[in-house]
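One structure below.
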Amino acid sequence: MKISIFDLHQLKTYKNVVILVKYNDRWLFVQRKGSTEWEIPFGEIEQHEKPIDAAKRHLREKTGALNFSIKPVFDFWTADDSSQDNGMAFYAEISELGKLSNDYKAEKTGQFKSMPACLKYPEITALLFDELIKYNSKEKLKKQYAE
């Protein structure tokens with residue numbers, strides 16, 4: 001699997017969203033029904049839906065988030081031998097979690113200080129987290145120089 005990261009809004013169209021989530025100062029991951037692997041919340045953008053709206057919808061559906069802040073951080077593109085995909089990555093902080101809906105594929109959420117050992121997409125998840133760290137470092141520098 002190949003993955004490329006781009007600055008925010010570099011891609012002209014978006015197919016998917018991924019959300020890197022913190023809750024109670026820990027990373028929140030999702031486990032699908034029938035799986036033992038953890039993954040970050042993600043999903044497709046519906047026709048005529050903005051990426052931010054899709055990210056909010058998937059965050060609620062897959063984690064049970066009730067109150068949260070969310071922001072876009074960068075664009076991404078992935079490809080393997082049979083397909084390619086693109087999307088926008090988001091960072092969210094949840095302040096209140098509710099129950100997971102039985103209507104969706106997520107079975108449970110887990111909170112971790114770092115990435116869990118049993119990840120569905122370990123290479124992609126690690127790269128997304130590395131990019132988030134770079135993004136946060138740039139944002140801190142911007143704030144310092146703005147003061």
Side-chain angles (χ1 to χ4, degrees), residues 1 3-78 85-147:
M1 174 76 68
I3 183 165
S4 297
I5 303 295
F6 300 92
D7 287 337
L8 192 58
H9 305 299
Q10 290 293 302
L11 301 177
K12 302 297 180 206
T13 61
Y14 300 96
K15 198 171 178 185
N16 295 291
V17 294
V18 297
I19 309 111
L20 304 158
V21 185
K22 274 216 163 168
Y23 175 65
N24 287 336
D25 207 30
R26 293 181 181 257
W27 294 107
L28 191 73
F29 287 81
V30 176
Q31 201 170 72
R32 290 177 183 239
K33 293 176 182 173
S35 176
T36 59
E37 298 173 312
W38 295 99
E39 56 191 56
I40 56 176
F42 70 94
E44 288 187 20
I45 301 169
E46 293 179 357
Q47 191 174 5
H48 305 296
E49 186 177 38
K50 294 178 184 175
I52 186 71
D53 296 327
K56 289 176 181 179
R57 177 174 55 81
H58 285 292
L59 184 62
R60 286 184 193 104
E61 290 173 358
K62 305 221 166 106
T63 69
L66 298 174
N67 291 312
F68 56 88
S69 63
I70 188 168
K71 65 181 177 180
V73 290
F74 54 85
D75 293 350
F76 66 91
W77 173 86
T78 61
D85 223 339
N86 69 13
M88 188 179 285
F90 291 81
Y91 172 67
E93 291 184 6
I94 298 174
S95 55
E96 183 181 1
L97 272 180
K99 285 186 161 189
L100 288 174
S101 170
N102 289 332
D103 297 341
Y104 299 100
K105 296 176 185 174
E107 180 174 26
K108 65 181 177 179
T109 60
Q111 299 173 43
F112 301 88
K113 286 186 178 183
S114 60
M115 287 189 290
C118 192
L119 282 171
K120 182 159 182 135
Y121 305 105
E123 298 87 11
I124 292 173
T125 303
L127 182 62
L128 293 172
F129 273 87
D130 287 347
E131 286 301 316
L132 179 63
I133 290 166
K134 290 178 193 174
Y135 172 84
N136 285 336
S137 295
K138 287 183 208 174
E139 290 300 303
K140 284 180 186 175
L141 283 174
K142 286 179 189 177
K143 285 181 183 177
Q144 285 176 341
Y145 286 110
E147 295 175 350

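Aromatic ring centres of Phe74 and Tyr135: separated by at least 6.0 Å.
Residue Leu128 holds its CG atom at 9.5 Å from CE of Met115, rounded to the nearest 0.5 Å. Between Asp75 atom CG and Leu11 atom CG the span is 4.0 Å, to the nearest 0.5 Å. Taken from CG in Leu20 to CD1 in Ile133, the straight-line distance is 10.0 Å, to the nearest 0.5 Å. The distance from the CH2 atom of Trp77 to the CD1 atom of Ile5 is 11.5 Å, given to the nearest 0.5 Å. Separation of atoms NZ (Lys62) and CG (Leu28) is listed at 13.0 Å; rounding is to 0.5 Å.
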Side-chain donor-acceptor contacts of residues 40-56 below 3.5 Å, not counting sequence neighbours, with atom names and distances?
{"unit_1": "Glu49", "atom_1": "OE1", "unit_2": "Glu46", "atom_2": "N", "d": "2.9"}
{"unit_1": "Glu49", "atom_1": "OE1", "unit_2": "Arg57", "atom_2": "NH2", "d": "2.9"}
{"unit_1": "Glu49", "atom_1": "OE2", "unit_2": "Arg57", "atom_2": "NE", "d": "3.0"}

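Judged as a salt bridge (Lys or Arg N to Asp or Glu O under 4.0 Å), the pairs with a partner in residues 22-31 (not counting sequence neighbours) are, in order, Lys22-Asp25. Residue pairs that meet the side chain to side chain donor-acceptor pair (under 3.5 Å) test with at least one member in residues 121-132, sequence neighbours left out, are Glu131-Lys134.
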**Request:** Before giving the answer on side-chain contact (heavy atoms from CB on, under 4.5 Å), spell out for Tyr14 and His9 the whole-Å C-alpha distance, their side-chain angles and the decisive distance to 0.1 Å.
**Result:** CA-CA 10 Å; Tyr14 300 96; His9 305 299; 4.1 Å; yes
**Item:** Stepwise side-chain contact (heavy atoms from CB on, under 4.5 Å) test for Leu100 and Glu107
**Value:** CA-CA 7 Å; Leu100 288 174; Glu107 180 174 26; 5.9 Å; no
**Prompt:** Does the pair Asn16 and Asn86 meet the rule for a side-chain contact (heavy atoms from CB on, under 4.5 Å), with working shown?
**Reply:** CA-CA 6 Å; Asn16 295 291; Asn86 69 13; 5.8 Å; no
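Taking Tyr91 as the reference, Glu93 meet the side chain to side chain donor-acceptor pair (under 3.5 Å) condition, with sequence neighbours excluded. Glu96 pairs by the salt bridge (charged side-chain N to carboxylate O under 4.0 Å, His left out) definition with nothing, not counting sequence neighbours. For the ring-ring contact (aromatic ring centres under 6.0 Å, His included) test, no residue two or more places apart in sequence or in another chain qualifies with Phe6.
Of all the heavy atoms in Leu119 and Pro122, the pair that sits closest is O-CD, 3.6 Å. Annotation for Val21 and Trp27: closest pair O-CE3, 3.2 Å, computed over non-hydrogen atoms. Shortest non-hydrogen contact noted between Ile94 and Leu59 is CD1-CD1, 4.1 Å. Nearest heavy-atom pair, Leu127 versus Ile3, reported as atom, atom and distance to 0.1 Å: CD2-CG2, 2.8 Å. Among all heavy-atom pairs drawn from Pro72 and Met88, the shortest one is CB-SD, 3.7 Å.
No donor-acceptor pair closer than 3.5 Å links the side chain of Ser35 to the backbone N or O of Gln31.
Ring-plane geometry between Phe29 and Phe129 is classed as parallel, the angle between the planes falling under 30 degrees on a 0 to 90 degree scale with a further cut at 60.
With a 4.5 Å cut-off on side-chain heavy atoms, Thr63 and Val30 count as touching.
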